[in-house]
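Notes for the one structure printed next.
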There are 2 protein chains.
Amino acid sequence: MGKTAYQRTSDDTVAPRRDLEGLVGYQLRRVGAQVVKELLRIFGVVGLAPGQFSILMLIAEHPGCFQMDLARLANVDRSTLVPMIERLAQLKFIKRSQSENDRRAFHLQVTARGRKAIDQVMPDLRAFEETLTDAMSAREKTTLLRSLRHVEEALLRP
Amino acid sequence: MGKTAYQRTSDDTVAPRRDLEGLVGYQLRRVGAQVVKELLRIFGVVGLAPGQFSILMLIAEHPGCFQMDLARLANVDRSTLVPMIERLAQLKFIKRSQSENDRRAFHLQVTARGRKAIDQVMPDLRAFEETLTDAMSAREKTTLLRSLRHVEEALLRP
DNA sequence: TATTGTTATACTCTATAACTATA
DNA sequence: TATAGTTATAGAGTATAACAATA
């Protein structure tokens, strides 16, 4: 295979080899974007978008955490969290309580109502999961999850 | 394992099991979002965002296609494509030529300038790829790509 | 009537920079 | 000086609905 990866088709146009199919990063973006559309539908039932639900789960896993903790855990800027936290608080899925040690910060916790929303959505999330993986063996699924973890670690490495 | 997946921590707050880690769809969204950030940097060198580059590649792979073809190939609404196509035309990475059979539609083709942009970006894209997969064996990488294809097929199934 | 592409509009996710209050 | 959170702003990607031109 030569150095130029394209076949000339006319004076000003070219056709490349279809060589993006073998790129993990590129495919992850494509698949991730399609997944988001389904998650929008699933989480929409309780009034949340995928990112908002993701933050709700992080708070549930780290009760009493601060927004700065979430920024680190989700690897997003702290300003990105403001409208998400606001939305969750508006729906009363979380509660904020001012820290006694540091009056700039607020402890975050999932409320009973927030837990209900999670419980309500989880069956659909699991059903979606089965749709995604029903052509895979249990072993293939385990391997996929391990590979995704490897990729995520590589992305977070400085 | 009982039916309730949570341990009560106080009157109004709960802590769930960390059971999203085993969900392929959820992890794909997380990883996909992180990948996009890197792709923004990589494609930004030639003035494109990840979605715009993705459409440029599709046009390169399907010279002469119409916007409706791209909507089907990328699985997005036709209105989503309008600003992307406009951006690519603005940078002279593609050219539009009115179809002689159907004067509503425009054939799309990548220009020499567009090809240069692709060539310029590809080495960085491949380097990013190696970062993502350097903790994987060749076999694991192949398996991951196959799994992603399975997932994508499941997502596009009606 | 149906289709191609556009416009208007809206929402989510992301960021940077500047700000307030507090440490 | 540094940090927690907010505000203002911007860009990207997604959609729905209504429209014009054409089939």
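Every chain is numbered from 1, with letters handed out A, B, ... down the list of sequences.
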Stretch residues 38-48 of chain A: residues that reach within less than 4.0 Å of DNA chain C through a heavy atom:
none
Does [X] have a side-chain nitrogen or oxygen under 4.0 Å from the phosphate oxygens OP1 or OP2 of [N]?
X: A:Gln67; N: D:dT6; answer: yes
X: A:Gln52; N: C:dC13; answer: yes
X: B:Lys37; N: C:dT14; answer: no

Quick one: which of [options] gets closest to the side chain of [X]?
X: A:Arg78; options: D:dA12, C:dA18, C:dG5; value: C:dA18
X: B:Ala49; options: C:dT4, C:dT12, D:dG13; value: D:dG13
X: A:Pro50; options: C:dT6, C:dC13, D:dG13; value: C:dC13

Output the rounded distance in Å from [atom1] ([X]) to [atom2] ([N]).
X: B:Asp69; N: C:dG5; atom1: CG; atom2: C1'; answer: 13 Å
X: A:Asp77; N: D:dT7; atom1: CG; atom2: P; answer: 15 Å
X: B:Met68; N: C:dA2; atom1: CE; atom2: C1'; answer: 11 Å
X: A:Asn75; N: C:dT14; atom1: CG; atom2: C1'; answer: 12 Å
X: B:Leu70; N: C:dG5; atom1: CG; atom2: C1'; answer: 12 Å

For A:Arg29 and for A:Phe106, find the nucleotide of DNA chain D with the closest heavy atom, then tell me which residue's nucleotide is more 5'.
A:Phe106
Sequence neighbours excluded, which residues qualify as salt bridge (charged side-chain N to carboxylate O under 4.0 Å, His left out) partners of [X]?
X: B:Arg149; result: none
X: B:Arg72; result: B:Asp69
X: A:Asp102; result: A:Arg104

Could you name each residue pair satisfying side-chain hydrogen bond (donor to acceptor under 3.5 Å, both in side chains) that touches residues 83-93 of chain A, not counting sequence neighbours?
A:Glu86-A:Arg96, A:Arg87-A:Gln90
For DNA chain D, which residues in residues 79-93 of chain B have a heavy atom at a distance below 4.0 Å?
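Those residues are B:Ser79, B:Thr80, B:Met84.
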Can you list every pair that meets ring-ring contact (aromatic ring centres under 6.0 Å, His included) and has a residue in [range], with sequence neighbours left out?
range: residues 66-99 of chain B; value: B:Phe66-B:His107
range: residues 33-56 of chain B; value: B:Phe43-B:Phe53
range: residues 110-138 of chain A; value: none

Just checking B:Gln98: does its CD atom have more than 12 heavy atoms from other residues, nucleotides or ligands closer to it than 6.0 angstrom?
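Enclosed.
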Is any side-chain heavy atom of A:Asn75 closer than 4.5 Å to one of B:Lys37?
yes
Nucleotide N/O to protein N/O under 3.5 Å, stretch nucleotides 20-23 of chain C:
residue, atom, partner, partner atom, Å
C:dT22, O2, A:Arg104, NH1, 3.2
C:dA23, OP1, A:Arg103, N, 3.0

Name all residues meeting the side chain to side chain donor-acceptor pair (under 3.5 Å) criterion together with B:Ser54; count only those two or more places apart in sequence or in a different chain, and write none if there are none.
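Once residues adjacent in sequence are excluded, the partners of B:Ser54 under the side chain to side chain donor-acceptor pair (under 3.5 Å) criterion are A:Tyr26.
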Which residues pass the side chain to side chain donor-acceptor pair (under 3.5 Å) test with A:Arg78, sequence neighbours left out?
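Residues passing side chain to side chain donor-acceptor pair (under 3.5 Å) with A:Arg78: none at all.
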May I ask you to decide if A:Ala127's main-chain N or O and A:Glu130's side chain share a donor-acceptor pair within less than 3.5 Å?
no
